[in-house]
Amino acid sequence: MNFEEILNENQLKAVKHKDGPLLILAGAGSGKTRVITYRIAYLISVYGISPENILAVTFTNKAAEEMKGRIEKVVGKKAEKIWMSTFHSFGCRILRNHCDKIGYSKNFSIYDEDDRERLVKECMNFAKISEKQIKPYEVIRKIQDIKNQLLTPEEFYSYANDYNSKLVARIYEIYEEKLKFNNAFDFDDLIKKPIELFRIDKEILNKYQEKFKYILIDEYQDINNSQYVLVSTLAEKYKNICVVGDDDQSIYRFRGADITNILDFEEDYPDATVIRLEQNYRSTKTILKAAHSVISKNKGRKDKELWTENEQGQKIVLTYTEDATKEAEAILKEVDRLLRTTDANLKDMSVFYRTNAQSRVIEDCFRRNGIPYKLIGGIQFYGRMEIKDILAYLRLIVNPNDILSFKRVINIPPRGIGEASITKLEEYAIENEMSIFDAIKDIQNIPDIKESIKESFYQFYNMIKGISENRNNMSLTEIVKTILSETRYIDYWKSDASIKSDERIENVRELVSAISEFEEKRKDATLEDFLNQVALITDIDRMDKNANAITLMTIHSAKGLEFDNVFIAGMNEDLFPHKNCIDEPGGIEEERRLCYVGMTRAKKRLFLFTTLFRRQYGSKNISSVSRFIDEIPYELLEIKGKTLIKEYINKDSFIEDMQPRFEEYIDETPLYKPGEKVRHKIMGEGVILKIEPHGDDYKLTVVFKKHGKKVLSANFAGLEKI
DNA sequence: AGCGATGTATTTTTT
DNA sequence: ATACATCGCT
């Protein structure tokens, strides 16, 4: 492998750096992934570092897998020994090995966002705190913050001065107790608990500090406090820590990401080497210039400007449409045009948006017009109700202490067991510090439960126990199939008349195939392995890059990806930047970084869309163009839909609310000229014969190849130039 | 326990 | 608009 030939000067410097802290400031598209992969390959193949001494933390599981594959091509099979995963998977692995040291057993459950919400609500119930006093959502956010700061309930109590904080402190205390009782970790625990472990057991810490002599952290700008502590702790001994990131691409502040981690790296490690990667290999000059012009409005960033040898490329197309439906149609039109007039495939295209809710209109449009798409995010596959039901059964088999999972499925399908009986059983279990199943064994001692219900509890217990005792003789697929047949879960949905029930059954079947696929890939895998994997997998990890379909996702999900053609929908004020961010300090800057991330995903062409109206809680409201559009130099934009603006600006009702910035885009010249070839959705190809003004609109006379001469309205015909 | 009617708030982004 | 919680009824 000749590293000199495939890397530029700075990339090579980063790859060849051996010992000591290293900060790589890698701009968008600067070949960051290459540098990480080749650096690891170099450490192993040239410096002779043993693969098991390397820890690499990436942003997605998929990125880890891909990098590992590429490293394997250079150094061979031994690449397997590298620990390469996301922060959370790493923490999970540590806990699987050592959680007994902090009072958990290794069949623990991992609670996701949905589980966490249920648990918080339970805790609030328990503490007699109503959802009117404080919203569960707010509590979850606070608890997340507290955990990122690594505070115990007692510690937080001492900080809690105001009323709300005291409520949260109380809920947090119960929440932590319940997690422990259930032998469960939430996402934050996967970082926090390993730190606790390392603090308690210096021997284990020492073992891992010795093991991970070389540490690499990707997307360092997006790590939060607890992740920072975890990394620093591990790197403390050898300080061979290489971090890669870009302060302009920090977009996860809402989950505690702290941009000062990367900004202060040189203070943390005064002898750090700093390497900047500023040559961009991804985008056109136009795209890069526009993106830079936007991001440079941010204050307090490390000043830098990327450059590229790539061609100028076409202008950025900004399209005005009336509303989200028309916006979706405009995207479709552009997609269609690209497919016909360029060599682009659907898999080279992606539509980004700020909020998941925006995907629906676009999905509808694509579905109606037969455009295959893959949707990332929103309600994730493993977040679906029916999938979570089955997973709860599986968890319960693995971890009988998991009361949350127990309660989820004890009456699904219905077994005639109600809230009241469940609560009595749970209280008995908690009082006697026993698992919920041991409580069932004792059920004759619990007063006020009807005999028939006791019998139902017993049956449920026997079913789970039966599968549990047998599970070593069964494959994972057999286990899940047994659950389905014993619970008659599919029948339960078949008897449900709603339109969604077919889809649910389909999803359950897909879960079964996912399990058998998993089992095939990892022959010795246990049910625990599967559940852990599922808890930490994301839609991005499941994405099939080669499927010929256009990708729909939020800009957050798009981080780290690139596409030839990028469409960003909803460039509207209050949506992007989102209204919830506007008052928050630093909120706008974060949104601007998000915009920068979105724009810099594009390699060849970038299309932005904005609407004159947006629907909000049902009603249609006037909406203005995103400020980020104004931050793009006008000469880099090609604007479509000007006649539409003109139409609205002449309406009295509209003019009052009209933002002045619309004015500059008004163009009196009609969009079409005689002699131009156009295409109509229904009538196909034709040539424009005549144009005459008609109110705010234009009357077009067009001769179509197949349908002859027609007179159309320019605004409504939806003609496309060819 | 389960159903339907009524009222009410609406989560921005994700491991 | 719509999902979701709550309440009262069977």
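Please read these numbers as outputs of a predicted model, since none were measured by experiment. In what follows, chains carry the letters A, B, and so on, assigned in the order in which the sequence lines appear, proteins first and then strands, with residues in each chain numbered from 1. Side-chain atoms are counted along with the backbone in the values below, which use heavy atoms only and exclude waters and symmetry mates.
Partners of Phe576(A) by ring-ring contact (aromatic ring centres under 6.0 Å, His included), not counting sequence neighbours, listed by chain and number: Phe628(A).
To the nearest angstrom, P of dT10(B) lies 12 Å from NZ of Lys579(A). One can place CG of Leu594(A) at 10 Å from C1' of dT12(B), the figure rounded to the nearest angstrom.
For His578(A), the side-chain atoms get nearest to dT12(B) when compared with the rest of dT14(B), dT12(B), dT15(B). Comparing atom distances between the Thr554(A) side chain and each of dG2(B), dT13(B), dT15(B) picks out dT13(B) as nearest. When distances run from any side-chain atom of Asn411(A) to the nucleotides dT14(B), dG2(B), dT15(B), the shortest one goes to dG2(B). Of the listed nucleotides (dT15(B), dT10(B), dT12(B)), dT12(B) has the atom at the smallest distance from the side chain of Thr355(A). When the nucleotides dT10(B), dT15(B), dT12(B) are ranked by their closest atom to the side chain of Phe187(A), dT15(B) comes out on top.
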| remark: Reading nucleotides 1-10 of chain C from 5' to 3' and marking B where a protein heavy atom lies under 4.0 Å of the base, S where only the sugar-phosphate is that close, and - otherwise, the string is B---S-----

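Arg601(A) places a side-chain N or O within donor-acceptor distance of the main-chain N or O of Leu561(A), the cut-off being under 3.5 Å. Side-chain N or O atoms of Asn411(A) include one that pairs as donor or acceptor with a backbone N or O of Arg415(A) at under 3.5 Å.
Side-chain N/O atoms of Asp402(A) and Tyr111(A) include a donor and acceptor closer than 3.5 Å.
Residue Asn356(A) has a polar side-chain atom (N or O) positioned under 4.0 Å from OP1 or OP2 of dT13(B). For Thr538(A) and dT14(B), the shortest distance from a side-chain N or O to OP1 or OP2 is not below 4.0 Å.
With C1' as the reference atom, dC4(C) and dT13(B) are 22 Å apart, rounded to whole Å. Rounded to the nearest Å, the gap between the C1' atom of dT12(B) and that of dA5(C) is 23 Å.
For Arg354(A) against dT13(B), a side-chain N or O and a base N or O form a donor-acceptor pair under 3.5 Å.
Taking the six-membered ring for Trp and the full ring otherwise, Tyr208(A) and Phe90(A) have centroids separated by 6.0 Å or more.
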